[in-house]
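To start, the structure under review is shown below, and the notes come after it.
Counting starts at 1 for both ligands and their atoms, following the listed order. Residues: numbered from 1 along the sequence shown. Everything quoted here is computed from the prediction, not taken from an experiment.
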Amino acid sequence: MLSQVVQDAINRQINNEFFSSYAYLAMSAYCERQQFAGCASWLRLQSQEETAHAMRLYDFLIARQGVVVLHEIKQPTADYPSLPAVFEAALAQEQTVTKQIDDLYELAFKEKAFAALVELEWFITEQVEEEKTASTIVHKFNLVKDDPASLLDLDRELGERGTAEAAE
Ligand code: FEO
């Protein structure tokens with residue numbers, strides 16, 4: 001049985017992951033408005049991934065006879081000054097989530113919640129990947145700058161995400 005303090009922290013992380021999902025969806029909607037369909041599609045898929053992260057913790061709590069508490073999801077940013085700013089915000093968000101996961105891991109360690117530690121190891125590995133992916137995209141936007149042809153190419157490349165994953 002998980003201690004109350006660990007359950008509370010996992011419920012907070014479920015909310016953080018749902019907030020990430022919401023934030024990516026808002027970023028996707030912004031890109032749709034700017035007619036960058038590839039970026040919008042990439043961000044929409046990322047939003048779905050964040051929902052899956054939330055559900056992974058949700059299922060874990062249930063498996064350990066915990067009580068799921070769904071907190072209110074705060075409103076994400078809807079507007080960005082530019083397309084690169086969206087991905088800079090995405091990277092910053094992933095860095096925040098990494099910190100949240102690290103803190104949760106530390107708490108689970110202190111509480112001797114060993115099953116939670118094993119579960120959270122998946123998230124620690126996932127965060128390495130997520131930060132790396134986001135920083136690669138930010139780097140590409142820095143290279144492209146305001147060149148319209150390169151921006152369109154990058155948009156097309158990001159739009160291939162779903163196709164590439166389906167083929168894996
Ligand atoms: Fe669930 Fe992108 O962290």
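Glu50 contributes atom OE2 as its closest N/O/S atom to atom 2 (Fe) of ligand 1. Among heteroatoms of the N, O or S kind in Glu130, OE1 lies nearest atom 2 (Fe) of ligand 1. Looking only at N/O/S atoms, His53 comes nearest to atom 1 (Fe) of ligand 1 through ND1.
No side-chain heavy atom of Lys132 sits under 4.5 Å from any side-chain heavy atom of Val128.
For a distance bound of 2.8 Å, the N, O or S atoms of Glu17 include one lying that close to atom 1 (Fe) of ligand 1.
Using a 30° and 60° split on the angle between ring planes, Phe87 and Phe141 fall in the parallel class, below 30°.
Contact check on Lys99 versus Asp103 returns a salt bridge, with a Lys/Arg side-chain nitrogen under 4.0 Å from an Asp/Glu carboxylate oxygen.
Heavy atoms from other residues, nucleotides or ligands lying under 6.0 Å from OH of Tyr58 number 12 at most.
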